[in-house]
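What follows is a set of notes on a single structure, which appears directly below.
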Amino acid sequence: MDKSISEFARHVYLTTKMIPFGCVATYTDIANKMGKPKAVRAIGNALHNNPQMIIIPCHRVVNIQGKLAKNFGFHGADGQKELLEKEGVVVINNQVDLCEYRVKELK
DNA sequence: TATTTGACGATTT
DNA sequence: CAAATCGCCAAAT
């Protein structure tokens with residue numbers, strides 16, 4: 001256990017890991033699940049600082065518009081896009097169809 | 001301790 | 001539709 005990670009960040013990572021294969025979730029969904037719908041920025045920050053970005057499916061996290069992260073830690077939005085398409089998620093213009101892949105209930 | 005920054009969101013121009 | 005602006009939160013400097 002790495003205690004250098006705050007409880008908040010850990011909470012973010014755990015919630016992110018709940019996203020099922022082939023699906024995506026928005027920052028807002030995670031924030032809402034954590035009970036802090038206004039902490040979307042802090043969440044994005046935590047994921048960017050993500051020390052274990054490979055074991056955490058952060059590529060399944062997109063913004064409310066289904067748009068990918070422009071500064072994705074691995075290969076920018078392109079890397080995130082490829083990881084998603086590899087899971088069967090269609091990405092068009094760095095954007096996914098939320099109506100099709102967004103997780104209805106994160107639990 | 002105070003200021004700045006940022007993988008965001010919603011609203012306004 | 002794109003850019004600017006404000007709000008909100010946690011971490012970094």
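Taking Ile, Leu, Val, Met, Phe, Trp and Tyr as hydrophobic and joining them when side-chain heavy atoms fall under 4.5 Å apart, one finds A:Phe21 isolated, its cluster having no other members.
Phosphate proximity of C:dA11 to A:Ser6: present, with a side-chain N or O under 4.0 Å from OP1 or OP2. A sub-4.0 Å separation between OP1 or OP2 of C:dA10 and a side-chain N or O of A:Lys36 is present.
In summary, the side chains of A:His59 and A:Glu87 do present a donor paired with an acceptor at a separation below 3.5 Å, with no hydrogens or angles considered.
Nucleic acid contact class of A:Phe8 (heavy atoms, under 4.0 Å, all strands): sugar-phosphate only. Among the atoms of the strands shown, base atoms are found under 4.0 Å from some heavy atom of A:Asn45. Using a 4.0 Å heavy-atom criterion, one finds that A:Thr28 contacts the sugar-phosphate atoms exclusively. Note on A:Ala69: a base of the nucleic acid sits closer than 4.0 angstrom, heavy atoms only.
Comparing B:dA7, B:dA10, B:dG6 against the side chain of A:Ile64 picks out B:dA10 as the nearest. Looking at the side chain of A:Ala42, the nearest of the listed nucleotides C:dC9, B:dG9, C:dA12 is C:dC9.
Nucleotide C:dA10 holds its P atom 17 Å from the CD1 atom of A:Ile5, rounded to whole Å. The interatomic distance linking A:Phe72 (CZ) with B:dC8 (C1') rounds to 16 Å, in whole Å. As a whole-Å value, the separation of A:Asn63 CG from B:dA10 C1' is 13 Å. The distance between atom CG of A:Leu98 and atom C1' of B:dG9, rounded to the nearest whole Å, is 14 Å. Rounded to whole angstrom, the span from the NE2 atom of A:His48 across to the P atom of B:dA7 amounts to 6 Å. If you measure from atom CD of A:Gln95 to atom C1' of C:dC1, you get 13 Å, rounded to the nearest angstrom. If you measure from atom CG of A:Asp29 to atom C1' of B:dC8, you get 13 Å, rounded to the nearest angstrom. Spacing between atom CD1 of A:Ile43 and atom C1' of B:dA7 amounts to 11 Å, rounded to whole angstrom units.
The shortest heavy-atom contact between A:Pro20 and A:Val103 is CD-CG2, 3.6 Å.
When both pairing distances are held under 3.5 Å, C:dC1 makes no Watson-Crick or G-U pair with any nucleotide shown.
Residue pairs satisfying the side chain to side chain donor-acceptor pair (under 3.5 Å) criterion with at least one member in residues 96-107 of chain A, sequence neighbours excluded, are listed as follows: A:Thr26-A:Arg102, A:Asp29-A:Arg102.
Two residues, A:Glu7 and A:Val40, neighbour DNA chain C, and the one matched to the more 5' nucleotide by heavy-atom proximity is A:Val40.
Using a 4.5 Å heavy-atom cutoff, the side chains of A:Ile19 and A:Val24 are not in contact.
Taking only distance into account, the side chain of A:Arg41 never meets the base of B:dG9 through a donor-acceptor pair shorter than 3.5 Å.
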